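Okay, so here's the structure we're looking at.
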There are 2 protein chains.
Amino acid sequence: MSFKVIVLDPTEGCPASKIADEQIVADFKDEAAIMRLAEKCDVLTYEIELANSSALKQLEEKSYPVRPAPETLRIIQNKHRQKSFLKEHRIAVPDFELVKSEEHLHELCRKFGLPAVLKATEDSYDGRGNFVIKSGDDVHRAYEYFKGRQVMLEKFVPFTKEVSIMVARNPSGQIESFPVVENIHKNSILDTTIAPAQISRKVEQKAIRLAKRTMEVLHGAGIFGIEMFVTKKGDVLVNEIAPRVHNSGHYTNEACSVSQFEQHLRAVLDLPLAKPELLSPAVMINILGPEGFDGVYAVTGLDAMMKVPGAELYIYGKKVSKPCRKLGHITATGRTVKEALARAKKARNAITLVPATEAR
Amino acid sequence: MSFKVIVLDPTEGCPASKIADEQIVADFKDEAAIMRLAEKCDVLTYEIELANSSALKQLEEKSYPVRPAPETLRIIQNKHRQKSFLKEHRIAVPDFELVKSEEHLHELCRKFGLPAVLKATEDSYDGRGNFVIKSGDDVHRAYEYFKGRQVMLEKFVPFTKEVSIMVARNPSGQIESFPVVENIHKNSILDTTIAPAQISRKVEQKAIRLAKRTMEVLHGAGIFGIEMFVTKKGDVLVNEIAPRVHNSGHYTNEACSVSQFEQHLRAVLDLPLAKPELLSPAVMINILGPEGFDGVYAVTGLDAMMKVPGAELYIYGKKVSKPCRKLGHITATGRTVKEALARAKKARNAITLVPATEAR
């Protein structure tokens, strides 16, 4: 697109460095390195919630354009702050409350009813910061699990579907939404995204309105992943916001008239946003590091995978596999959601990650 | 896709190096460097006809897999050898003959009739090796123009359309074709590709059959761009073959179920080929270096370009602009060819390349 890209990442040769023009190898919190990056760039953006929002705020005060706004990141980074902010702005969210003590946690469990979800408010992702309390017996263990960290209890929403929307907004105020998609999590980690979501037109419209309203109250330009719960009654609540391209938006590469990645660039560079259209039903299934080994891996099964029509393989190029680490994904398109799902499953099942030493 | 890619290119930081894992900086003809590359790779491929076919042949003799086969490259590299080969295998081509002397050229002009095209048989591309002889007065100038190089005269085909097909073949013998597209050249350089070609079903079938037969006689795996002429009577003749991804196949990124680039990788790695489907009409227009300056350039007009729906911009990242150098392209999709064409033109007209110093 004619832009020069510099990435800051602690891992030398990280996946993004392969397609960037330059990499600054530094910790995400390294203020001096962030400043070096800022001096080389016209616009700064981030794609991890662990970014240093206070360092970014200082840059903003010195008039470096940071998008989305560091204040938006600061709100989103802390799950309690995020939910409080949404609630204040009358965006529907599940009930939640900060936990002050183990005694207080017992009280809240009685108040919300069980099951309920205990969540670390910061530095948690891919379910690593969630503990589902199913009975009174779990309370002590759950409290101990997060010992020393700020936690909140959230009422469990008996959802029938989890859906999400990627929405972009540029500094000029243009907002454009991608289609509503459906997400299936396993062990609190995204496993499958189905585009479009198999929901009624009415629920779809509710989700789109909710996502738009969320974007209106959040300041800052960029693309956002807005995850929502759909209840049995057809109510839609915001679960979580990601201020960046999102795993549930990977399907846009194959199935939309514009990808979430290009839309994000357009947004942070204050260019006109594209109006995303879904060109084909699509299903994305993640490829996670298998249980049982940590280390350099190889991909096997390409031959069988590539026999599946409409299936595309992405291996991100992370050097090391760890259990549950997101290492790649498969997106399959099809004439129907059913066909796309069957293809994605077949292609996913064909692929196995093995320790590199076993590969030949 | 989980593959590691090493490129050999004489320009440090060349466009391909940005997405490759490693670059060997060396001339395309540098045998020692080619050997270094071979030792690091499981499979070798090339995407320029200037590749060193004799060095590649030596590698093949030492059992390094080179795809397409060096012999295929050797045939294609020399336009006279290419046409002779096709003719021997009963593939329809325009009449042609090697020129032995200026006197002989006069004779051939009388034999074929004018206009006729004088072509350098080697090291020519983007029309730089073509000279159209319109009248007897041009003969001397044309002959002098190629002084010292091997030349052939080709009968001018009064074509109504130029079309092309990307066809892939893997070592296992699977052959898969992309749709027939229509090409418009300006000054012998590709300007516009229209997908699908606006031709009758009958001509389309003829073109597909001709492309398939060409693949059957050519040995070697990979993707090939087969350029053809369509005459007023509806005959189809092969004009030229490119043993690589091709400018007229760039539209496949947006408009097909698989891109020419992925299909090429599948082919050279002996993986199952995808069955390409056209998902949407599309038009590609090239962005060439403007007349009047050589040097570092900047791209302007992004704002207007990005307002055009369905238009995608590619700037390859070549550092220096020269008149007629291919620096990028725009692909636009649309519900109809007419809409795609209007969008591509509008988007292309919005973009201007200017000397970098004028950009700010």
Side-chain angles (χ1 to χ4, degrees), chain A residues 1-5 13 17-22 42 170 172 174 253-255 257-259 262-263 265-266 269-277 279-280 287 297-317 327-328 332-335 350-351 353 359-360, chain B residues 1-5 13 17-22 42 170 172 174 253-255 257-259 262-263 265-266 269-277 279-280 287 297-317 327-328 332-335 350-351 353 359-360:
Chain A
M1 290 169 78
S2 83
F3 309 125
K4 198 176 162 190
V5 177
S17 75
K18 298 285 173 70
I19 51 165
D21 292 276
E22 196 182 322
D42 295 310
N170 66 16
S172 303
Q174 190 190 354
N253 278 11
E254 280 74 25
S257 55
V258 66
S259 77
E262 175 171 341
Q263 190 80 316
L265 283 179
R266 289 180 179 221
L269 297 171
D270 203 9
L271 287 163
L273 299 179
K275 293 184 194 304
E277 274 171 55
L279 304 175
S280 164
I287 298 173
Y297 61 96
V299 179
T300 65
L302 288 178
D303 207 86
M305 183 262 141
M306 291 203 184
K307 280 194 180 120
V308 182
E312 294 284 324
L313 173 68
Y314 288 82
I315 297 292
Y316 305 146
L327 299 175
T333 51
R335 278 154 298 183
I351 293 293
L353 304 188
R360 292 214 183 184
Chain B
M1 291 170 79
S2 83
F3 309 126
K4 199 177 161 190
V5 177
S17 74
K18 297 285 173 69
I19 51 165
D21 292 277
E22 197 183 322
D42 295 309
N170 66 15
S172 303
Q174 190 191 352
N253 278 11
E254 281 74 27
S257 54
V258 65
S259 76
E262 175 170 341
Q263 190 78 316
L265 284 180
R266 289 180 178 220
L269 297 171
D270 203 10
L271 286 163
L273 299 179
K275 292 183 195 303
E277 275 171 55
L279 304 175
S280 163
I287 298 173
Y297 61 97
V299 179
T300 65
L302 288 177
D303 208 87
M305 183 261 141
M306 291 202 183
K307 281 194 180 121
V308 182
E312 293 284 326
L313 173 68
Y314 289 82
I315 296 292
Y316 306 144
L327 299 174
T333 50
R335 278 155 297 182
I351 293 293
L353 303 188
R360 291 209 186 194

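Reminder, nothing fancy here: chain letters follow the sequence lines and each chain counts from 1. Every value quoted in this text rests on a predicted model; they were computed, and no experiment measured them.
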Inset, instruction - Output all residues satisfying salt bridge (charged side-chain N to carboxylate O under 4.0 Å, His left out) with A:K307, sequence neighbours left out; order by chain, then residue number. - result: A:D303
Inset, instruction - Output the option from A:G13, A:A274, A:P272 having the highest count of non-hydrogen pairs under 4.5 Å with chain B. - result: A:P272
Inset, instruction - With a 4.5 angstrom heavy-atom cut-off, could you sort out which part of B:A311 is near chain A: side chain, backbone, both or neither? - result: backbone
Inset, instruction - Using non-hydrogen atoms and a 4.5 Å limit, figure out which bit of A:L279 sits close to chain B: side chain, backbone, both or neither. - result: neither
Inset, instruction - Evaluate the side-chain proximity of B:M1 to A:M305: yes if any heavy-atom separation is below 4.5 Å, no if none is. - result: no
Legend entry - Shortest non-hydrogen separation from B:D21 to A:K18 and the atoms involved: OD1-NZ, 3.1 Å
Legend entry - Best-contacting candidate, B:K275, B:E277, B:E312, against chain A by heavy atom pairs under 4.5 angstrom: B:E312
Legend entry - Which atoms of A:S2 approach chain B - backbone, side chain, both or neither, heavy atom under 4.5 Å: both
Inset, instruction - Go through the structure and list residues passing ring pair (Phe, Tyr, Trp, His ring centres under 6.0 Å) with A:F3, not counting sequence neighbours. - result: none
Inset, instruction - Examine whether an atom of A:E262 lies under 4.5 Å from a heavy atom of chain B, and if so say whether it belongs to the side chain, the backbone or both; otherwise answer neither. - result: side chain
